[in-house]
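FYI, the numbering just counts along the sequence from 1.
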Amino acid sequence: LASRQWLHDAGMADQAVPRTAFRIIGYPAVIAAAKLLSGAAWPYAVIGVQFAASTAAFLAVYALALNLGLTAGWALAGALMYATSLQLTLDQCILSDSLNASAIILAVTIFLRGAARRDRIGPGQIAASGTLIVVAFLMREAMPFLVPALLPLFASRCMLVRGTPWAARLMACVLVWLPLVAADAGYQLWNQYRTGARFVTTGVQIHALWPVIHAARTDPNIFSGDSPLDRHARQLIKHYDFPETRPINDALFKDGYRAPEIARMVLKKYLATWLTHPITMLDQVRIATSENKLRLVVRPITAVCDMYEWGERPQCFDYRDLYRKLFRAPAAMTLGEIA
């Protein structure tokens with residue numbers, strides 16, 4: 001809001017991780033609009049928008065469940081599972097996650113409507129779903145990486161259409177993704193104009209470096225090469241934690257490399273690590289899908305507990321403490337712990 005320079009210059013020469021190259025424009029634009037319209041109350045405006053979008057997604061999940069033939073009870077249970085996973089807490093954060101997730105859920109539910117009756121996918125469905133996919137992309141630049149996970153779901157809906165030639169079914173599945181292809185290409189062209197390099201985000205210079213650093217905790221040979229990245233990593237990594245991604249980027253920046261070059265360097269290292277240390281990298285997947293992560297899928301009580309804890313009024317107990325106490329010292333449990 002203070003300047004329009006970012007429209008023409010991403011600040012590649014200013015820092016290792018330039019803000020407007022690292023972050024995609026959608027969520028900052030939402031914050032900027034909230035500041036213009038609400039002034040100092042902008043965080044409440046953003047959170048209000050997030051609650052409204054999540055409520056729409058909740059109703060869409062419920063309606064889709066009914067559309068697919070579930071009873072009202074099961075439809076409500078499915079919608080509540082969605083609402084009380086991460087959404088209940090993320091809606092109250094100034095983070096892009098909430099609007100991104102709501103846009104994806106709405107895009108999916110709109111496209112899947114009519115599946116139970118094998119209805120034709122209408123132009124309105126295709127346009128609305130495609131637009132929401134672009135919104136999700138503009139909120140979080142990882143959207144193109146999620147496409148392979150969503151394609152089977154969309155393809156299944158196209159295959160269910162009855163009384164329509166295969167070419168028409170295929171066309172529906174192609175058309176819904178064209179807005180994302182166009183948005184991705186347009187964003188790359190804008191960055192080329194600003195920086196001279198085609199890219200959507202340089203986020204991999206942080207997000208692809210972190211898993212490699214984490215993997216090096218168990219296999220220090222990962223950074224045994226003689227590339228600039230390997231050399232700086234060997235010198236700077238002490239604790240194998242996320243904050244160490246920044247000094248490595250800063251060191252490469254001082255060597256004269258700019259964010260797009262660093263991103264390409266890091267991505268090359270990340271892919272090479274999968275080829276040369278596949279077992280170690282597979283172990284990172286195991287760690288990332290731990291019980292702690294899986295519990296995020298359905299957590300009606302924990303979501304409410306998080307809200308109390310963020311308000312510095314903890315009301316809940318850690319379930320691990322509870323079951324340890326239950327089996328070791330049940331007589332010492334308080335009424336609150338029993339409840």
ask   = Salt bridge between R140 and D97, side-chain N to carboxylate O under 4.0 Å?
value =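 D97 and R140: salt-bridged.
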Between [X] and [Y], what is the shortest heavy-atom contact and its length?
{"X": "M12", "Y": "P260", "result": "SD-CD, 3.3 Å"}
{"X": "R169", "Y": "V161", "result": "CZ-O, 3.0 Å"}
{"X": "I262", "Y": "A16", "result": "CD1-O, 4.5 Å"}
{"X": "D230", "Y": "S224", "result": "OD1-N, 4.5 Å"}
{"X": "N100", "Y": "A136", "result": "ND2-O, 2.9 Å"}

query = Going through the distances and angles, do D91 and Q50 end up as a side-chain hydrogen bond (donor to acceptor under 3.5 Å, both in side chains)?
reply = CA-CA 5 Å; D91 286 349; Q50 291 174 175; 5.3 Å; no
Ring pair (Phe, Tyr, Trp, His ring centres under 6.0 Å) pairs, two or more places apart, involving [range]:
{"range": "residues 94-133", "answer": "F111-F154"}
{"range": "residues 120-151", "answer": "none"}
{"range": "residues 20-46", "answer": "F22-H207"}

ask   = What disulfide bond (SG atoms under 2.5 Å apart) pairs are there with at least one residue in residues 249-283, not counting sequence neighbours?
value =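 As it turns out, there is no disulfide bond (SG atoms under 2.5 Å apart) pair with a partner in residues 249-283 once direct neighbours are skipped.
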key: Rounded distance [0.5 Å steps], CG in L66 versus CG in L76   =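 Going from CG on L66 over to CG on L76, the span is 9.5 Å.
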inquiry  = I need the Q15 CD to R246 CZ distance, nearest 0.5 Å.
reply    =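 CZ of R246 is found 7.0 Å from CD of Q15.
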Going by heavy atoms in the side chains, are [X] and [Y] under 4.5 Å from each other?
{"X": "F51", "Y": "Q92", "result": "yes"}
{"X": "W177", "Y": "V147", "result": "yes"}
{"X": "F253", "Y": "V17", "result": "no"}
{"X": "R19", "Y": "P28", "result": "no"}
{"X": "I121", "Y": "R157", "result": "yes"}
{"X": "C93", "Y": "S98", "result": "no"}
{"X": "I213", "Y": "I248", "result": "yes"}
{"X": "P220", "Y": "R234", "result": "no"}

task = Mark yes or no for whether Y187, through its side chain, and I25, through its backbone, hold a donor-acceptor pair below 3.5 Å.
result =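 Looks like yes, one N/O pair under 3.5 Å.
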task = For T218 and A215, indicate whether the former's side chain and the latter's backbone hold a donor-acceptor pair under 3.5 Å.
result =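 Here the side-chain-to-backbone pair exists.
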message = We want to know whether H239 and E244 form a side-chain donor-acceptor pair, criterion being a heavy-atom distance below 3.5 angstrom.
response =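 The criterion, which ignores hydrogens and geometry beyond distance, is not satisfied for E244 and H239.
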key: Hydrophobic cluster identity match, L229 and I222, side-chain contacts under 4.5 Å   =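 L229 and I222: one cluster.
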request  = Applying salt bridge (charged side-chain N to carboxylate O under 4.0 Å, His left out), name anything that partners D14, two or more places apart in sequence or on another chain.
outcome  =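 Per chain and number, D14 pairs via salt bridge (charged side-chain N to carboxylate O under 4.0 Å, His left out) with no residue.
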message = Going by the rule salt bridge (charged side-chain N to carboxylate O under 4.0 Å, His left out), which residues pair with K325 if we only count those two or more places apart in sequence or in a different chain?
response =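 Counting only residues at least two positions away or on another chain, K325 forms a salt bridge (charged side-chain N to carboxylate O under 4.0 Å, His left out) with E337.
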query = Among pairs that include at least one residue of residues 59-70, which meet side chain to side chain donor-acceptor pair (under 3.5 Å), considering only residues two or more places apart or in two chains?
reply =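 For residues 59-70, and leaving out neighbouring residues, there are no side chain to side chain donor-acceptor pair (under 3.5 Å) pairs at all.
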key: Residue pairs involving residues 118-133 (criterion side chain to side chain donor-acceptor pair (under 3.5 Å); sequence neighbours excluded)   =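 Qualifying pairs: R117-D119.
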Fellow cluster residues of [X], listed by chain then number, with links counted only when side-chain atoms sit under 4.5 Å apart:
{"X": "L36", "result": "L1"}
{"X": "L106", "result": "I110, L132"}
{"X": "W166", "result": "M159"}

request  = Give the C-alpha distance, both sets of side-chain angles, the deciding distance and a yes or no for side-chain hydrogen bond (donor to acceptor under 3.5 Å, both in side chains) between D241 and H214.
outcome  = CA-CA 7 Å; D241 57 15; H214 197 267; over 6 Å; no
request  = Kindly state each residue pair satisfying salt bridge (Lys or Arg N to Asp or Glu O under 4.0 Å) with at least one member in residues 192-205, sequence neighbours excluded.
outcome  =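 Pairs touching residues 192-205 that pass the test: none.
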ask   = Could you walk me through whether Y257 and M265 pass the side-chain contact (heavy atoms from CB on, under 4.5 Å) check?
value = CA-CA 10 Å; Y257 296 103; M265 196 182 300; 3.7 Å; yes
